[in-house]
Q: 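The structure follows.
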Amino acid sequence: MTSKEQPVPSSDELRTPDAPLLPGQVCRIYSMRMCPYAQRARLIAAAKGISHDIVNIDLNNKPDWFFDLNPYGEVPVVLHKGGHVYESLIAAEYLEEAFPEPKLFSEDPMVKAYERIYYNHWTKKGIPAFYSLLKAGYPDPEQTKRLIDHISALEEYMVKLNKPYFHGETPGFSDYMIWPWFERMPMLMDITEFNLSALSCPCIIAWVDHMWKNPVVQHCKIEPELLTQHYALYRKGRPDFTIGADGKAAPSQAAVPEALENLDGLREAHTRDRQK
Ligand SMILES: N[C@@H](CCC(=O)N[C@@H](CS)C(=O)NCC(=O)O)C(=O)O
């Protein structure tokens, strides 16, 4: 850096919605490093080459203004042209429409409809099964079967499609909507012993291999050990949303209390909602 250049603000600096975008950027994504939903928006932005700045929110310490951007208090939120869009699928669709090139959806309405059917299926059924198994925290047979059933539904579709990606010959919108949870499968294996590669889902396993080679996926990937640290705390009801933040040391697992009440689920309302 020469003496005239300004240091680039960190993505952990809590820039408010009225703070100007960083130089050369066209939109902002309010994110949290470990969040798979925010990763959907980051993947679409990267695939389209949309220059964006990222502001990571510590979800344990949400500023009041964050609820003006999203009344649910969740990331991602995309800020663009003075407006803001939340809910990951809607935010990703917004980016697809506002930045039309390259197109990530198929132009054929029937193919597009099927892409949507499968990432919606994953969102409605696969993701809850993923978290149920994660929260069970051991090779729970019922939750394991549930997750396998939903991965098998994706496999059946891929067999019929007979293409390397949900989108077809190249990765597209649907691939990026489903991918973040498959990036977390090694973490799920660390915590629950769920082994994706042992399933009889050759098309999905090949898809995962292809996706790992994709430069967009590589650009947006999260260090696997940070994911394991994050989700180990998360399933114990003590998420630390600043893991991986600039200048922050990795948390010590030994510091996490074992006896916690909130094992089976969602964060308690008072930790999610507007802080009084
Ligand atoms: N349905 C939402 C879910 C987003 C979501 O759950 N994000 C989590 C982080 S991964 C969040 O912001 N949680 C708020 C909290 O825990 O307080 C979407 O698709 O955007």
Side-chain angles (χ1 to χ4, degrees), residues 11-12 14 17 27-45 52 54-80 83-96 116 118-135 173-174 176-185 187-188 191 220-223 226-245 260-276:
S11 60
D12 297 302
L14 200 56
C27 72
R28 172 176 298 156
I29 301 178
Y30 284 98
S31 182
M32 185 275 284
R33 268 189 189 73
M34 307 298 149
C35 175
Y37 299 97
Q39 201 172 6
R40 282 175 160 170
R42 294 194 296 112
L43 285 162
I44 297 298
H52 58 284
I54 291 187
V55 174
N56 287 310
I57 300 288
D58 174 358
L59 298 172
N60 285 329
N61 293 294
K62 295 171 200 165
D64 251 10
W65 53 256
F66 189 61
F67 291 90
D68 299 332
L69 293 180
N70 180 350
Y72 305 129
E74 294 172 342
V75 291
V77 176
V78 169
L79 206 69
H80 182 227
H84 56 271
V85 185
Y86 52 92
E87 280 298 318
S88 59
L89 292 177
I90 298 170
E93 280 165 15
Y94 172 81
L95 292 175
E96 169 71 358
R116 298 186 71 205
Y118 279 90
Y119 70 70
N120 270 303
H121 175 83
W122 180 250
T123 303
K124 280 162 79 168
K125 300 288 186 183
I127 296 174
F130 178 99
Y131 288 117
S132 297
L133 179 57
L134 176 64
K135 283 164 189 159
F173 196 89
S174 43
Y176 295 126
M177 295 304 99
I178 296 171
W179 171 251
W181 290 268
F182 284 82
E183 178 167 325
R184 285 158 181 72
M185 289 294 173
M187 170 283 291
L188 193 65
I191 295 179
C220 296
K221 85 166 190 189
I222 300 150
E223 289 311 316
L226 293 186
L227 286 176
T228 299
Q229 284 166 11
H230 171 70
Y231 284 102
L233 296 173
Y234 173 87
R235 64 169 286 273
K236 291 176 174 179
R238 295 285 167 96
D240 174 351
F241 297 110
T242 65
I243 286 180
L260 290 158
E261 60 300 332
N262 187 23
L263 278 185
D264 72 340
L266 301 166
R267 297 226 291 139
E268 289 172 31
H270 73 271
T271 65
R272 296 175 64 96
D273 293 352
R274 187 187 289 268
Q275 315 284 307
K276 289 276 181 327

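In listed order, ligands and their atoms are each counted from 1.
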Q: Could you list which atoms of ligand 1 come closer than 4.0 Å to a heavy atom of Pro76?
A: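 The atoms of ligand 1 under 4.0 Å from a heavy atom of Pro76 are 20 (O).
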Q: Run Ser88 and Glu74 through side-chain contact (heavy atoms from CB on, under 4.5 Å) and show every step you take.
A: CA-CA 10 Å; Ser88 59; Glu74 294 172 342; over 6 Å; no
Q: Pairs of nitrogen or oxygen atoms closer than 3.5 Å, one from Lys62 and one from ligand 1: do any exist?
A: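 Lys62 vs ligand 1: N/O contact under 3.5 Å present.
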Q: What atoms in ligand 1 come closer than 4.0 Å to a heavy atom of Gly73?
A: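 So the answer, numbered in order with elements, is 14 (C).
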Q: Check for me whether the distance between the ring centres of Tyr30 and His84 falls short of 6.0 Å.
A: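 No, they do not, as the ring centres are separated by 6.0 Å or more.
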Q: Table please: side-chain donor-acceptor pairs of residues 121-128 below 3.5 Å, with sequence neighbours left out.
A:
{"residue": "His121", "atom": "NE2", "partner": "His150", "partner atom": "ND1", "Å": "3.3"}
{"residue": "Thr123", "atom": "OG1", "partner": "Arg40", "partner atom": "NH2", "Å": "2.8"}
{"residue": "Thr123", "atom": "OG1", "partner": "Tyr119", "partner atom": "O", "Å": "2.7"}

Q: Side chain of Arg235, backbone of Leu133: donor and acceptor closer than 3.5 Å?
A: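 Not confirmed, Arg235 side chain does not pair with Leu133 backbone.
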Q: Counting only nitrogen or oxygen atoms and a 3.5 angstrom limit, does Glu87 reach ligand 1?
A: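 Min N/O separation from ligand 1 is below 3.5 Å for Glu87.
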Q: Can you list the residues that meet the side chain to side chain donor-acceptor pair (under 3.5 Å) rule with Tyr131, with sequence neighbours excluded?
A: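 For Tyr131, the residues satisfying side chain to side chain donor-acceptor pair (under 3.5 Å) (neighbours in sequence not counted) are Trp181.
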Q: For Ser88, counting its heavy atoms only, list the atoms of ligand 1 lying under 4.0 Å from any of them.
A: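 The list of qualifying atoms is 18 (C), 19 (O), 20 (O).
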